[in-house]
Amino acid sequence: MKKKIAILGSTGSIGRQALDVVREHADDFQIVALAAHRNVELLAQHVENFRPAYVGVVDAESADEFKNRGLTDVELVSGKDSLVKLATLPEVDLVLVAVVGIAGLEPTIAALEAGKNVALANKESLVAGGHLVMEAARRFGSKVIPVDSEHSAIFQCLAGCDDPSRIKRIYLTASGGPFRDYTRDELRYVTVEDALNHPNWRMGKKVTIDSATLMNKGLEVIEAHWLFGLSIEQIQVVIHPQSIVHSMVEYVDGSIIAQMARTDMRIPIQYALSWPRRIKSGIGSLDLTATEPLTFEMPDFDRFPCLALAYKALEIGGTMPVVLNAADEVAVEKFLKGEISFIEIPVMIEQAMKSHKAIQNPDLNTILRVDHSVRRQLM
């Protein structure tokens, strides 16, 4: 029987690659619903190719544009509640949350509360509301399956381990980005073009800039805390420029289990869609005899303070990770527009954190209110 899937964010990088996986495995998956924010041209192509029963467009004007295209046999839902509606459709088995930003939090929780498994590619859901997401999964017996390559690697390395006390620590690997060997002075002159030139991965602009500042790895530390129930001391970041080892788990007996694969996001995406099964892929095997030597080193928190800020936000807890995430999004957008320099990104984030008094155990409304307030103050 085919697994019935809803993809929230089908026009983004993860969404498009997920559809590649579905196309490759048409006998295993069926697309029931697709959603996008405003890219109706690409969304219409997806609808024609995959024939979902439902389609969602968040932006109202874009929804009208989609409606005027005259596509039949598809039910259109629009507006800010459209993602929640699609995430809770009775006929859906799995929801892939691949939207960008805090907008992914509500549909993630709604899907879990509706008893759906969630393939999660939205960092903000766990960074800003990890306690709410994981509590919803526990209460309703749903599963959060990580899509990020690093968290997917940890998820796979933990297969068969049902006792957290057996885990000593995990290692989240980072390529180090394009500026791994830059001095602090050289980082002052980084351009947008430089920062978008990632050496190993091809991703959206926001994630690529976060990889260059190491904020992406900092956000992943917070995600890992919630996904796997680990303390700060159990989460170690290591720089691994080859991006062959996607992450590792060290057990209390000293054994380390690593997940290795080619640098292709379709691998963790496919695993999240097919879990708990493994299915063949057309991506190809990793040739260990042809790879360059694998190296690992400690990150430099002084040159890349965003990573230290993420650890600090997790240590403080409450709404501080909400502030970290919102300030980072605003700072990255300003950098992309040429309004601030690369080294000013962590400065903006730190200032936002210093001006905020964390609220512990925030509910959803509090999280959304703090997120909105931080963005308004920094814009």
Side-chain angles (χ1 to χ4, degrees), residues 1-122 124-125 129 133 136 140 142 145 147 204 206 269 272-273 364 368 371-372:
M1 182 179 295
K2 293 184 179 182
K3 185 178 291 187
K4 297 179 179 179
I5 299 173
I7 299 181
L8 310 183
S10 73
T11 59
S13 175
I14 296 296
R16 295 195 306 272
Q17 291 179 84
L19 288 175
D20 288 342
V21 171
V22 171
R23 186 182 292 108
E24 183 76 17
H25 298 281
D27 293 336
D28 295 289
F29 307 117
Q30 177 185 344
I31 298 297
V32 173
L34 296 173
H37 185 68
R38 62 165 59 95
N39 190 348
V40 294
E41 183 174 349
L42 183 55
L43 181 62
Q45 294 177 25
H46 292 167
V47 170
E48 291 176 350
N49 291 335
F50 294 93
R51 298 296 177 183
Y54 304 89
V55 65
V57 181
V58 176
D59 180 71
E61 289 186 14
S62 300
D64 290 337
E65 181 184 339
F66 183 88
K67 189 182 300 182
N68 292 335
R69 288 176 173 264
L71 293 171
T72 58
D73 299 325
V74 61
E75 181 176 331
L76 174 66
V77 293
S78 61
K80 64 183 183 66
D81 297 327
S82 59
L83 298 180
V84 170
K85 291 177 182 177
L86 297 186
T88 55
L89 289 169
E91 55 266 55
V92 168
D93 301 314
L94 176 75
V95 180
L96 170 59
V97 182
V99 297
V100 176
I102 199 73
L105 179 56
E106 288 185 85
T108 295
I109 294 173
L112 293 168
E113 291 181 342
K116 316 292 184 185
N117 287 343
V118 171
L120 190 57
N122 174 265
E124 294 78 8
S125 294
V133 171
F140 293 91
S142 306
I145 308 161
V147 171
K206 167 63 165 57
I269 292 170
L273 297 185
L364 180 58
L368 297 177
D371 176 82
H372 178 73

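It should be emphasised that the depicted structure is a prediction, and the values quoted were computed from it without experimental measurement.
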Flag side-chain contact, heavy atom, 4.5 Å: I145 against L120: no
Verdict with supporting geometry, V118 and L94, side chain to side chain contact (heavy atoms under 4.5 Å, CB included): CA-CA 6 Å; V118 171; L94 176 75; 5.8 Å; no
Residues V95, V97; criterion side chain to side chain contact (heavy atoms under 4.5 Å, CB included); working and verdict: CA-CA 6 Å; V95 180; V97 182; 3.9 Å; yes
Between OG on residue S78 and NZ on residue K67, distance to nearest 0.5 Å: 6.5 Å
Derivation of the side chain to side chain contact (heavy atoms under 4.5 Å, CB included) call for Y54 and E91: CA-CA 11 Å; Y54 304 89; E91 55 266 55; 3.0 Å; yes
Closest non-hydrogen atom pair, L273 against V21: CD1-CG1, 4.1 Å
Side-chain touch L43/S10, heavy atoms, less than 4.5 angstrom: yes
A121 to A98 - nearest heavy-atom pair and separation: CB-CA, 4.2 Å
Minimal non-hydrogen separation, V84 against A110, with atom names: CG1-CB, 3.8 Å
Nearest atoms (heavy-atom pairs only) where L83 meets A103: CD1-O, 4.1 Å
Nearest-0.5 Å distance that lies between atom NZ in K116 and atom OG in S142: 9.0 Å
Any donor-acceptor pair under 3.5 Å from Q17 side chain to S13 backbone: yes
Minimum heavy-atom distance between G9 and V99, given as atom pair plus value: N-CG1, 3.7 Å
D73 atom CG, neighbour heavy-atom count above 12 within 6.0 Å: no
V77 side chain reached by L86 side chain, heavy atoms, under 4.5 Å: yes
Spacing of CG belonging to L71 relative to CG belonging to L76, to within rounding of 0.5 Å: 9.5 Å
4.5 Å side-chain heavy-atom contact, R69 and V40: yes
Heavy-atom side-chain contact between K2 and D28 under 4.5 Å: no
Rounded distance [0.5 Å steps], CD in Q30 versus CZ in R51: 13.5 Å
Closest non-hydrogen atom pair between K4 and V32, with its separation: CB-CG2, 3.5 Å
G101 backbone acceptor or donor facing N122 side chain under 3.5 Å: yes
T11 vs H46, side chain to side chain contact (heavy atoms under 4.5 Å, CB included): CA-CA, chis, key distance, verdict: CA-CA 8 Å; T11 59; H46 292 167; 4.2 Å; yes
Non-hydrogen side-chain atoms of L19 and I31 separated by less than 4.5 Å: yes
Heavy-atom check, side chain of F29 versus side chain of I5, under 4.5 Å: yes
Interatomic distance, D59 atom CG to K80 atom NZ [nearest 0.5 angstrom]: 14.0 Å
Atom CD of E48 with >12 non-hydrogen neighbours under 6.0 angstrom: yes
pair R16-L42: side-chain heavy atoms closer than 4.5 Å: yes
Reported CD1-to-CD1 distance for the pair I269 and I7, which is rounded to 0.5 angstrom: 9.0 Å
